[in-house]
Structure formats: structure tokens, C-alpha cells
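Here's the structure, in C-alpha cells; my notes come after.
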Amino acid sequence: MAGVQLKNICKIYPNGYEAVKDFNLDIADKEFIIFVGPSGCGKSTTLRMIAGLEGISSGELYIDGKLMNDVEPKDRDIAMVFQNYALYPHMSVYGNMAFSLKLKKRPKDEIDRAVREAARILDLEPLLNRKPRALSGGQRQRVAMGRAIVRDPKVFLLDEPLSNLDAKLRGQMRVEISKLHQRLGATIIYVTHDQTEAMTLGTRIVVMKDGVVQQTDTPENLYNHPCNKFVAGFIGSPQMNMIAAEAVEENNETVLKFEGHSIILNKERAEALKKGGYIGKKVILGIRPEDVHGDEESLKKFEKTSIDAKVKVFEMLGAGALIYFNIGETDWVASVSSSIKARSGDRVRLAIDTAKIHIFDCDTEKTITD
């Protein structure tokens with residue numbers, strides 16, 4: 001396996017459109033890196049530049065310490081798994097998995113050993129004689145993974161490999177891919193627009209928007225310490241509640257006021273607002289749905305930051321539930337225990353955990369406090 005370095009990578013198309021802007025990243029050997037972001041953010045373009053399927057407009061790409069800008073895709077020692085599987089319909093599972101090794105004129109016994117080992121790892125042994133049309137979506141995806149594994153590449157590139165599967169299969173395949181990474185000790189670069197996939201699979205996540213890297217960090221740090229409003233809103237499901245608020249000083253306390261509500265900030269956040277010169281100014285308040293509580297203990301603990309809400313929708317999820325409500329004209333959601341009984345039109349009391357509040361600059365949208 002090998003590390004990958006991207007230095008000031010840019011992609012500009014002939015019409016002048018800049019798809020990727022000054023992309024910098026060091027990927028360690030055996031690391032599982034996720035590129036995540038909305039459609040059109042440049043994540044797949046970046047992956048295709050690493051694969052050699054897209055030319056690099058400027059910057060340098062290194063794989064295993066070797067400059068790869070002008071190296072042909074077949075000579076980069078990478079394997080790519082596509083969204084649509086790209087299996088040969090006339091070949092059996094065995095034939096699909098063996099094809100790249102046959103092209104390299106590897107000995108038959110070596111090919112057979114590699115294919116059967118990959119089939120064992122992916123639980124494909126009973127399917128080796130079947131054609132792709134006789135396989136389910138999840139089985140086809142495993143064959144595509146197997147075809148990559150037999151090549152024993154330095155780097156695996158996966159471009160939204162689970163997007164064509166239903167929700168149950170996606171969950172199963174996430175577990176399988178995670179196991180595969182542990183078993184192979186492979187360097188994997190994985191593209192997805194699904195932040196749940198990103199959070200559950202990656203050792204580090206690269207969040208992109210409009211061709212620009214917003215933040216690169218561990219899943220935990222992205223969730224707890226987003227660098228800006230976009231990352232905060234993109235990471236987490238349901239997404240973070242946000243609302244415009246005014247920072248003021250009242251009775252020697254720093255308070256955020258919004259739509260008739262007031263939240264007294266703790267010392268750390270109050271100091272950050274004062275230091276940044278935000279007192280008397282508008283900011284954006286953010287709080288994750290799971291940090292808005294409805295149980296009695298939380299209502300007592302956060303009595304000073306509780307709000308009265310009219311339930312628009314109560315969504316039962318089994319052990320938990322989601323309460324949808326409005327603060328002024330802004331839609332909010334609280335993730336609560338299903339023991340809380342509420343129905344549309346009911347009024348409920350909810351408490352905001354002040355230690356989990358995020359505050360963003362209205363103009364730059366950068367995090368003021370985390």
C-alpha cells in the first residue's frame with residue numbers, strides 16, 4: 001500500500017469553470033479517507049484526477065512518493081470501484097474478477113489463487129459461475145470490490161459505490177467495506193454525498209463545497225468542532241438547527257436573544273464573543289437536534305434556556321422520536337426520547353444544552369465558538 005499527496009491541485013475546464021481549487025491533502029499509508037459534499041462540489045473530479053481519468057490543470061499528485069501527473073491510469077497501481085459497478089455482462093463473476101490479471105498475462109494458478117481468495121473474503125464463492133444479471137445489487141457491488149482486490153493495488157478509489165443500493169443493503173455494505181479495510185490494511189479514498197457513510201467509515205473526512213476544501217478532520221472533530229456554518233449544517237442528521245440571534249450584555253451576563261427567547265452563555269462562549277467584538281451584533285446560533293431535550297431532568301438542568309414550542313410533527317423512530325417545531329419563521333427539530341408523548345398541535349417545553357451551542361459569524365459564516 002502507499003500514501004497519496006495532493007499539492008495545490010486545481011481542475012479548470014476549457015470553458016473556464018474551476019471545478020477544484022487549490023486542493024491540498026496528505027493521505028497516510030493504510031488510511032481510509034472520505035471526500036464528502038453536495039453534488040457538484042468537486043469530490044468525484046478530485047478522485048478522477050487521482051485515478052488519471054481527468055487531467056490535472058495545475059498542482060502535483062504523488063502516489064508512494066512518485067509524481068503521477070503524467071502517468072497513465074494503468075500504470076498508477078490503483079483500482080477504482082464505480083457507482084454503476086461496470087461489470088462485463090457476458091462474463092461470469094470469476095471472469096470479471098480475473099480479467100485484469102489475464103490482461104497482465106499472470107500465470108493461471110496465480111490468477112485462480114487471487115480470485116478465490118478475494119471471493120472468500122467477500123463471501124462470493126457460491127456465485128463464481130453466475131453472470132452479473134443473476135446477481136442482486138449488493139452482490140454486484142461485492143464483485144466490483146473483488147475485481148479491485150485481486151489487483152492488489154497501492155490505493156483503492158471508490159466513487160459513490162453504495163448509491164444504487166437500497167437503505168438496508170447500504171447499511172450492510174458499509175459494515176463489509178469497513179471490515180475489508182481492516183482486513184486488507186489498504187489505503188482507501190472514498191467519495192460520497194452521504195454524510196452517514198462518511199461518519200461511519202472514514203478515519204478522516206474531507207468536506208468540500210464549490211471545489212474548495214472546507215475542513216479535513218476526524219468524524220468526531222467535524223461533528224463537535226465544525227469550522228464554519230456549512231460544515232456544521234452538512235455533518236449530522238437531522239442537520240443542525242440555526243437561527244439569527246443578537247449578542248447582548250444583561251445583568252453581567254452575555255446573552256443571545258432570538259424571537260423572544262434568551263440564552264445565557266457559559267463563560268467560554270461569552271469570552272469568545274467579547275473578544276471578537278460581537279456584543280451588540282447579530283450572530284448565528286446553532287444547536288444540534290440531539291442537544292435539544294424534553295425530559296424532566298434536562299428541563300430542570302437547563303431551566304434558564306428552555307423554550308416553549310408548538311409541535312408541527314411528531315415522528316416516532318422506535319427508541320427515539322423527532323419533534324418538528326418553529327421558532328418564529330425558522331424550522332427546528334429536537335431529537336428526544338420516545339417516552340415523551342406529543343402530537344401535532346401540542347405545546348411542549350424543550351431545553352437547550354448551553355454547553356453544546358455553536359455560534360457563527362453572520363458575514364464570514366466561520367465558527368466563533370465551538
Side-chain angles (χ1 to χ4, degrees), residues 215 217 219-311 320-337 339-340 342 347-370:
Q215 187 172 352
D217 218 323
E220 183 181 12
N221 281 341
L222 282 176
Y223 180 84
N224 291 319
H225 307 290
C227 70
N228 60 32
K229 180 185 171 187
F230 174 79
V231 174
F234 193 83
I235 298 296
S237 182
Q239 71 179 40
M240 184 182 289
N241 300 305
M242 296 187 190
I243 197 166
E246 185 180 7
V248 299
E249 288 281 305
E250 279 186 356
N251 302 320
N252 296 320
E253 302 275 15
T254 303
V255 178
L256 287 184
K257 288 184 168 292
F258 56 99
E259 298 292 344
H261 301 285
S262 296
I263 290 180
I264 298 174
L265 298 178
N266 62 19
K267 183 178 179 181
E268 179 187 11
R269 283 163 175 73
E271 287 300 320
L273 286 179
K274 290 176 186 175
K275 187 176 179 181
Y278 288 98
I279 304 302
K281 295 182 179 178
K282 290 282 187 181
V283 294
I284 298 167
L285 161 67
I287 186 75
R288 295 200 181 277
E290 48 272 36
D291 298 321
V292 181
H293 306 286
D295 59 283
E296 290 299 326
E297 184 179 345
S298 296
L299 285 168
K300 290 177 182 177
K301 183 177 180 181
F302 305 113
E303 182 181 0
K304 292 183 179 179
T305 56
S306 62
I307 56 176
D308 186 51
K310 185 178 180 181
V311 179
L322 298 178
I323 295 177
Y324 295 87
F325 59 100
N326 279 9
I327 294 184
E329 298 298 315
T330 306
D331 294 328
W332 271 37
V333 57
S335 180
V336 300
S337 167
S339 62
I340 296 171
R347 299 207 73 85
V348 293
R349 199 75 183 160
L350 298 169
I352 294 173
D353 184 346
T354 51
K356 302 294 179 67
I357 287 171
H358 298 262
I359 307 173
F360 308 96
D361 185 289
C362 280
D363 296 321
T364 67
E365 297 191 348
K366 289 183 179 179
T367 299
I368 300 167
T369 66
D370 60 8

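None of the values given here were measured: they were computed from a predicted structure.
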- Query: Can you tell me if Glu268 uses its side chain to pair, donor with acceptor, with the backbone of Thr369 under 3.5 Å?
  - Reply: no

- Message: I'd like to check the ring-ring contact (aromatic ring centres under 6.0 Å, His included) partners of Phe360; sequence neighbours left out, ordered by chain and number.
- Response: none

- Partners passing side-chain hydrogen bond (donor to acceptor under 3.5 Å, both in side chains) against Asp295 (at least two apart in sequence or in another chain): Ser298

- Note on the structure: Taken in chain and number order and not counting sequence neighbours, the residues that satisfy side chain to side chain contact (heavy atoms under 4.5 Å, CB included) with Ile264 are Glu253, Val255, Lys304

- Item | side chain to side chain donor-acceptor pair (under 3.5 Å) partner of Ser306, chosen from Arg349, Lys301, Lys300 | Arg349

- Message: Checking Gln239 now: which residues fulfil side chain to side chain contact (heavy atoms under 4.5 Å, CB included) with it, not counting sequence neighbours?
- Response: none

- Query: Going from CZ on Phe302 to CD on Glu297, what distance comes out if it is rounded to the nearest 0.5 angstrom?
  - Reply: 9.0 Å

- Message: My understanding is that only residues two or more places apart in sequence, or in another chain, count here; which of them pass side-chain hydrogen bond (donor to acceptor under 3.5 Å, both in side chains) with Glu290?
- Response: Tyr223

- With Ser337 via side chain to side chain contact (heavy atoms under 4.5 Å, CB included) - residues at least two apart: Ser339

- Item | Separation between NZ of Lys366 and CD1 of Ile368, rounded to the nearest 0.5 Å | 11.5 Å

- Which atom names give the shortest non-hydrogen contact between Gly294 and Leu299, and what distance separates them? O-CD1, 3.7 Å

- Side-chain contact, heavy-atom cut-off 4.5 Å: Val348 with Val336? no

- Message: Run the salt bridge (Lys or Arg N to Asp or Glu O under 4.0 Å) test against Asp291 and tell me which residues pass, sequence neighbours left out.
- Response: Lys356

- Could I get the full list of ring-ring contact (aromatic ring centres under 6.0 Å, His included) partners for His261, not counting sequence neighbours? Phe258

- Student check: side-chain heavy atoms of Gln215 and Asn228 closer than 4.5 Å: no

- Apply salt bridge (Lys or Arg N to Asp or Glu O under 4.0 Å) to Lys257 and list each qualifying residue two or more places apart in sequence or on a separate chain. Glu250

- Task: Please name the pair of heavy atoms, one in Thr367 and one in Pro226, separated by the smallest distance, quoted to 0.1 Å.
- Result: OG1-O, 2.6 Å

- Message: As an exercise, state the distance from SG of Cys227 to CD of Glu365, rounded to the nearest 0.5 Å.
- Response: 11.0 Å

- Note on the structure: Residues at least two apart in sequence or cross-chain that pass ring-ring contact (aromatic ring centres under 6.0 Å, His included) with Tyr278, listed by chain then number, are none

- Query: So, Thr305 side chain and Ile352 main chain: donor-acceptor pair closer than 3.5 Å or not?
  - Reply: yes

- Item | Min side-chain heavy-atom separation Pro238-Leu322 under 4.5 Å | yes

- Item | Donor-acceptor contact below 3.5 Å, side chain Asn326 vs main chain Glu329 | no

- Item | Atom pair CG (Leu285) and CE (Met240), whose distance is rounded to the nearest 0.5 Å | 9.5 Å

- Item | Euclidean distance, Ile287 CD1 relative to Trp332 CH2, rounded to 0.5 Å | 7.0 Å

- Please say whether more than 12 non-hydrogen atoms of neighbouring residues, nucleotides or ligands are located less than 6.0 Å from NZ in Lys310. no

- Task: Taking the side chain as every heavy atom from C-beta outward, state whether Leu256 and Leu273 have any atom pair closer than 4.5 Å.
- Result: yes

- Rounded distance [0.5 Å steps], CD1 in Ile327 versus CD1 in Ile243: 5.0 Å

- Task: Evaluate the side-chain proximity of Leu350 to His293: yes if any heavy-atom separation is below 4.5 Å, no if none is.
- Result: no

- Note on the structure: Nearest heavy-atom approach of Met242 to Ala232 is CE-CB, 4.0 Å

- So do the side chains of Asn241 and Val333 get within less than 4.5 Å of each other, counting heavy atoms only? yes

- Please report the shortest heavy-atom distance between Arg347 and Asp308, naming the atom on each side. NE-OD2, 2.9 Å

- Got a sec, which residues hit salt bridge (Lys or Arg N to Asp or Glu O under 4.0 Å) with Asp331, two or more places apart in sequence or on another chain? Lys312

- Item | Qualifying residues under side-chain hydrogen bond (donor to acceptor under 3.5 Å, both in side chains), relative to Thr254, sequence neighbours excluded | Glu249

